[in-house]
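Take a look at the structure set out below.
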Amino acid sequence: MKNLFEEKEAQEFVARYPAIPGELALRTYSSRLIGKERGLVLHGGGNSSVKIRMKNILGELRDVLFVKGSGVNLGTIEPGGFVGLELDPLCKLQSLRSLSEEEMENQLQVHKVSFASPNPSVEALLHAFLPARYVDHTHADSILVLTNQKQGEDFLREALGPEVSVLPYLTPGFLLAKAVLERYEQNPGIEAIVVVHHGIFTFGEDVRVSYERMIHYVGKAEEFIAEKMREKAFRPLRRDLASPPDFALSIARFSQMVRGTCAFRAEGGSLRRFYVETRSAADLVEASLLPDARDFCSSGVLTPDHVTRTKNLWVFMEGIPEDDPGLQRRVREAVGGYTAKYNRYFSAQVAGKKIAREKLDPYPRVFLVAGVGIVTLGVTRKAAQIAADIAEHTLRAKLMAGALGEYVPISDSHIFDMEYWSLQQKKLDRTPPPLLQGQVAIVTGAAGAIGCGIADRLLAAGAVVVISDIDQPGLQKVYSILSKRHGESRVESIVFDVTDFKSVEDAFIEISRRLGGLDLVVPNAGTAHVAKIEDLDPLKFEQVIAVNLKGTFNVIKASIPVFRRQGTGGNIVVISTKNVFDPGAAFGAYSASKAGVHQISKIAALELAELGVRVNLINPDAVFGDEEIPSKLWELIGPERMKSRGLDPQGLREYYRQRNLLKVQVTAEHVGNAVVFFASEGTPTTGATLPVDGGVPAAFPR
Ligand SMILES: [Zn+2]
């Protein structure tokens, strides 16, 4: 563990924020140093504080505690990420024997010095009670490895020395804050307090001292573990298990089935799907093949703080059977066993504690798959990634803990208190999730105007979207626009050729490996060629057929096994054209290919209904795009149309606008809105064609 504190950098922070007290600027600086270190802090974990004497609006001096706001990330924290709290009234609470969670929250809220600041961390009272000016707190991996041991206290004493005091586990809140204060008052010389199963608190009058104590003691714990690990002999792996021969395909099949098996109907009947994340670093795969791999799954979280991200227990899978029915059976058994156990845990805890709580969904978040590594689920992509990060740290910590001695799990009762903390329950999000949250969509031909517009609308509706095209630079451009607008974790890009079935199949395996599967398929890639039949080069005709018709067929066909393994229905929304109903001269290749697309899509609607997959078509007309992402189709056919009608580019757009009944310019976003409509399944519709053309009577579907 490296000490990153640089006096010069610290002073730069003081200069950077002239309007705030220097102590808070320094607090911001060293908090970021802690937040950057993954061995100390993961995803919003950990917190820090400083106590500052300052004047209120009347010019009266008082002590203010600035403590990290709840959910704020230490690695990127700004001074505004700390909440200012009146210290004296909070310290007076020490005289109480108990304080309910609700009243504690109330006290923290009414003693904020600024109405607009974030909610204080649940550990704010502990920071208030400890007299030191600066307090730092982390759930460092190495400290947890040592505390979660049968001989934990001995190890901690041996590793950290006499200036560190060790407290047994207490649920975060008022009683823990009081216990920490009591321990501090009994031993005023101590430099840190470790709370078993929870983490470490360091403190000091100086910002640097408090930070350096954190680095020092966590570093000592790391060295102690490394020393013990050196003594440990090599551990043989199980011989009956191995990585599957077709690694990518196996992960894809497993992810699709897990995703389907764990999808559930929420209140109100909407289907809630998970995103899947896989981690297959060599040491994780190796850990999954150890004889005691199953024990890693049943020994629970390293600290109760992680339970809302990963749930307490994991699922162990003894590999991935090569046949789909065998895999399906195994996944169903594993998930069924898990949810039954979770339900028993919930019932036993509410009965034992004589309380009422609203039960969370019982589905697992982490699978350890022999030969594959860690597979996690999340209701958002970000949640799946956070669960995977935590699971990786947890698995590595448990490997160390196993080498050290006997791992001691945290009791169900403590886990439950954290998972179903009454404040946590109050914060349960009652607002419905975004319309398409949980869905994975793929849009082909996304380097062009319509594809980009569709992807943008799907992202705005909450889906995670895979954009694809054969044009890599064009796709990269669209990716950078969309990821900037909607966040990097929401967009994936993949280059493949729709005319080559193997290329499409491989791409779908890759998408499932990255995200877990597919719910919405939008075949949109298309091309055109302008020539009368007399002049139409047969080769050109074949090319147009290959991209438009064969490409659509390939994409629909490759999606079927994914839909089948998931078993949760889905949507195929094919982007066609008004030309199918209203063709024009010299446009035979395009119109004929799209007529074929209509037929194959209608056949798909007939065949896929049994899987709950709906297949619908959208007929746009005259979508030009903008200067940033122009329509590739119109780049091909525009010059000829302008020439034949004697128009400039603006005139051409105006011509098409005047041609439709509503006199509107049709945009890519309009097409995207139509795709969102079908994907949201607000109506039981399949086999339909929806025009998005401003109203062209000759092209009314019939
Ligand atoms: Zn904590």
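Worth saying up front: this structure is predicted, and the values here are computed from it rather than measured. Ligands are counted one by one from 1 in listed order, and the atoms in each one are counted from 1 as well.
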### Task
Please work out whether the ring planes of H198 and H137 are parallel, tilted or perpendicular, with thresholds of 30° and 60°.
perpendicular
### Query
How wide is the angle at the Zn ion (ligand 1) between NE2 of H198 and NE2 of H139, to the nearest 10°?
100°
### Lys/Arg N to Asp/Glu carboxylate O, D389 vs R279, below 4.0 Å
yes
### Task
Take S70 and S121, measure what side-chain hydrogen bond (donor to acceptor under 3.5 Å, both in side chains) needs, and give me the verdict at the end.
CA-CA 4 Å; S70 175; S121 150; over 6 Å; no
### Message
If the cut-off is 2.8 Å, does any N/O/S atom of E123 fall short of it from the Zn ion (ligand 1)?
### Response
yes
### Message
Going by side-chain hydrogen bond (donor to acceptor under 3.5 Å, both in side chains), H197 matches just one of D305, T147, N148. Which one?
### Response
N148
### Message
Quick check: of its N, O or S atoms, which one does H137 have closest to the Zn ion (ligand 1)?
### Response
NE2
